[in-house]
Amino acid sequence: RRSSSHAPAIPTFTRASSVTMPILNLTFDLATPAGLADLEAVLASRSYLVGFAPSKADLTAVEAIGAAPDKATYPNLARYFTHIKSFKAAQTKKWVAGVTGATSGAAAPVAAAGAGAAKAA
């Protein structure tokens, strides 16, 4: 769930710790297979983490993942990783922070992806 009291923010991602998406109220530990699986489940119904266009949240998540995920294990995450990495630096510099998407004007809700897909913060 999205809290209306949060200002636009770019979450901080590191491979060694949990990743909190304050805009979406989700946490992913991208240093673990379980965290990657959680993000995989969310990306089964989404192209981007926030809204309907890429944002700095997507770029930061991909940077935290580091290397392309195994396509057989994480097909949605591999698709997402490859897509986000396909953009040139000149394009990514124009991406917005996260809450307001370039085309939607508001963050889209994350669809429930099943039990344990994402942990509410």
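The analysis underlying the following values was restricted to heavy atoms, covering all of them including side chains, and did not include hydrogens, waters or symmetry mates. If you're wondering where the values come from, they're calculated on a predicted model, not measured in any experiment.
At distances below 3.5 Å, at least one donor-acceptor pair connects side-chain atoms of T92 with backbone N or O atoms of A89. A donor-acceptor pair is defined here as one N or O able to donate and one able to accept, closer than 3.5 Å; no such pair exists between the side chain of D29 and the backbone of G35.
Residues R79 and R46 come closest through the heavy atom pair NH2-O, 3.4 Å. Counting all heavy atoms, side chain and backbone alike, V50 lies closest to A57 at CG2-CB, 4.3 Å. Closest of all the heavy-atom pairs between P75 and A72 is CD-O, 4.2 Å. Heavy atoms only, all atoms of each residue included: P69 and A78 are closest at O-CB, 3.8 Å. Taking both residues in full, the closest heavy atoms of A64 and L30 are given as CB-CD1, 3.9 Å, listed atom of the first, atom of the second, then distance.
Looking at heavy atoms from C-beta onward, Y74 lies out of side-chain contact with F81 at the 4.5 angstrom threshold.
How far CD1 of I84 is from OG of S47: 9.0 Å, rounded to the nearest 0.5 Å. Rounding to the nearest 0.5 Å gives a distance of 11.0 Å between CG of L59 and CG of L49. Distance check, rounded to the nearest 0.5 Å: CG of L77 to CD1 of I65 gives 4.5 Å. Rounding to the nearest 0.5 Å places NZ of K93 at 9.5 Å from NZ of K56. Distance check: T32 OG1 to D38 CG gives 7.5 Å after rounding to the nearest 0.5 Å. A distance of 11.0 Å separates CG of N76 from NZ of K71, quoted to the nearest 0.5 Å.
Taking the six-membered ring where tryptophan is involved, the planes of H83 and Y48 are tilted, since the angle between them lies from 30° to 60°.
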